[in-house]
Protein chains: 2
Amino acid sequence: MTEPPGPMRQVQIAHIATEYYVHGKTRIEIAEQTGLSRFKVGRLLDEAVESGIVRFEISSPSNVSLDLSVRLRERFGLDHAVVVAIPTDSEVTVQEALGATTADLLGEVLADDDILGLTSGRTLNAMARSLTSLRCHNVVQLAGVAGPIQQSGLEVMRRVSMLDGVRPWPIYASLLMSDAQAAEGVRRQPDIRQTFDQFSRVTVAVGAIGSWVPRNSLMYENRALNDADRRRILDRGVVAEIAATLVTDSGEVVHDLDSRSIAVSEKQLRAIPTRIGAAGGPTKVRAIRAVLTAKLLTGLVTDSETAQQLLAG
Amino acid sequence: MTEPPGPMRQVQIAHIATEYYVHGKTRIEIAEQTGLSRFKVGRLLDEAVESGIVRFEISSPSNVSLDLSVRLRERFGLDHAVVVAIPTDSEVTVQEALGATTADLLGEVLADDDILGLTSGRTLNAMARSLTSLRCHNVVQLAGVAGPIQQSGLEVMRRVSMLDGVRPWPIYASLLMSDAQAAEGVRRQPDIRQTFDQFSRVTVAVGAIGSWVPRNSLMYENRALNDADRRRILDRGVVAEIAATLVTDSGEVVHDLDSRSIAVSEKQLRAIPTRIGAAGGPTKVRAIRAVLTAKLLTGLVTDSETAQQLLAG
DNA sequence: GCAATCCTTGCTCATGTGAGCATGATAGTT
DNA sequence: AACTATCATGCTCACATGAGCAAGGATTGC
């Protein structure tokens, strides 16, 4: 971006730039039309870019913030990164928007023979609401119901089950039991075992991310945890959870609750080729970073402000 | 501009488009980086343009409306067309802006060995005020002073004369005489004759355009004209004047006043290779179109609203 | 006046790119 | 299951383009 050229030169450059970029003519055609040499045309086009007369505006027709998406992808080595350009109003609007975009993303990523794995969570509820059809036939619930309210926890699977041709593999159980033995008992149940057997076949997983510090997690609220549990886990540096996998800032996985959880294990999760997280909002930034650091995800759907903070950190 | 692609595809396209257009990488480089074939990259770039993810924005760093300039140029077969993007506020602000841009244009167009010809007029006064230096050595006044006020009519030459290294060839006379004999007498004056002798050497002319219908012309006001003159000329369909050349809507030149005028003749004017008109504002549209139709100009500086009306007509 | 310098211009040749085609996959239909 | 239409993919070959260079012209300094 140097000195602006004189007005006539600007007009000439603009003419050539329009012919080349907008009308798609070749430099040689333009040269013939204008009587210039093709080299001259090329240099004027260079000048058009340098002087800022042509600018390349790269923007999404929908509300995807492309620049942030690309940077996020490269920064955290993701295969799929989608940043939704929305103001961080309320948590609810963020979740709605992320849910809708995650639904779009699924429609794009999924193939017929994929097997989809889902966790519960409010963003995923929003996603389920936006889904009108699903290309794949099997949907596997990856974790028991996290929050205190069974009703909303089951909504994801309930909605997905209503779609044409979908075979659901639900988990009618809470995410956490109060002791290992109870969990073992639940896992032995035939219907739950059936679902667990699907974990290894899942090819695409979509999961919510819970934040323990600051607190924004349905798992944290789970009634099977007592205060001692929560304190102990926090003391071990846990800041985030995905499915029932607990993660610290440095990306280490804490296995404290493994034996008590009704969910896909860390190992099983990592075996899934495509693992997309859907989370956003200011309370989730630290948790998302932790989960990304742990390399638990291959994709992320988030909002623009969160993306910026992830990139800044 | 078809269906927007899915979010991930958008991100991929955005990435590729950024690499190609903004960072200037080749398709082959991008193909190697991303693992795609160069054809795939090419098709994604096509899609980027089609879907509107990349847009080519062509805009002036100064306030030149490039699109209109180009269209004006092509529509009227001009070599130089500059449309200044200003709201049509008062006549004065339009004249100021046109003057400043015309000065820029001169700085660009003029070479050392050019000989500049000027008429008088308010837009040209504004131009003279904006001129800080002039690359050429000889400036020739092409027409006597048009308006009733000698003072302002001479301002253009006065200002230009003050610039470094400029040799002025002024005409200290009114544009029109009351009869042919008086005009003949004036033309015989040695100093005026000297200036007239320069006409054939002038290479670049800048002229104001006067409008007779609607009325916005200093020439029309000239005291050497009586009401009968004015009526007769209007009856012959004259709508515009440049220097002392009268033009009708259809672009015909009316020679009614030739013998009485102290100015470059139509023939002499047409012999000048570069002839730039500077005029704008709603009252001048019809006059400008007439002068353009007469092919009296090779260039035009005007405002955006006037340009739009010229193109619309 | 002359040389040194810079800038502009258009060239060559290696490289990048587009049009059109053949191939293989996919989806819908009989 | 076979057939057809459609689409995506990657090829060839002709064409468009970029990097670097050499010639000409202008500018500057002595």
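A, B, ... follow the sequence lines: proteins, then strands. Residue 1 opens every chain.
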Point to revise | For atom CZ of B:Phe39 and atom P of C:dA22, their distance in whole Å | key: 15 Å
Exercise for review: Starting from C1' on D:dT9, measure out to NZ on B:Lys40 and report it in whole angstrom.
Suggested key: 8 Å
Point to revise | B:Arg159 with B:Glu155: basic N within carboxylate O range, under 4.0 Å | key: yes
Exercise for review: Salt-bridge test for B:Arg38 and B:Glu32: reply yes if a basic N is under 4.0 Å from a carboxylate O, no otherwise.
Suggested key: no
Practice item. Can you tell me the distance, in whole Å, between the OH atom of B:Tyr21 and the P atom of D:dT17? Key: 12 Å
Point to revise | Distance in angstrom units between A:Leu36 CG and D:dA16 C1', rounded | key: 17 Å
Point to revise | Atom pair distance, as rounded to whole Å: CG in B:Leu45 and C1' in C:dA19 | key: 17 Å
Exercise for review: Give me the one residue out of A:Asn138, A:Val204, A:Val202, A:Val139 that meets side chain to side chain contact (heavy atoms under 4.5 Å, CB included) with A:Asp114.
Suggested key: A:Val204
Point to revise | Under 4.0 angstrom between A:Ser37 side-chain N/O and C:dG10 OP1 or OP2 | key: yes
Practice item. Starting at atom CG of B:Asp46, determine the distance to atom C1' of D:dT9, rounded to an integer number of angstrom. Key: 14 Å
**Study point:** Proximal nucleotide (of D:dG10, C:dT9, C:dT17) relative to the B:Arg43 side chain
**Key:** D:dG10
Point to revise | Rounded distance (nearest 0.5 Å) linking atom CD1 of B:Ile115 with atom OG1 of B:Thr203 | key: 6.0 Å
Exercise for review: Can you tell me the distance, in whole Å, between the CZ atom of B:Arg38 and the C1' atom of C:dT17?
Suggested key: 6 Å
Practice item. Choose from C:dG16, D:dA16, D:dG10 the nucleotide whose nearest atom is closest to any side-chain atom of B:Thr26. Key: C:dG16
Check your understanding: Between A:Tyr20 and D:dT17, does any side-chain N or O lie under 4.0 Å from OP1 or OP2?
Key -> yes
**Study point:** Nearest-Å distance for atom pair CD1/P, residues B:Ile28 and D:dT17
**Key:** 15 Å
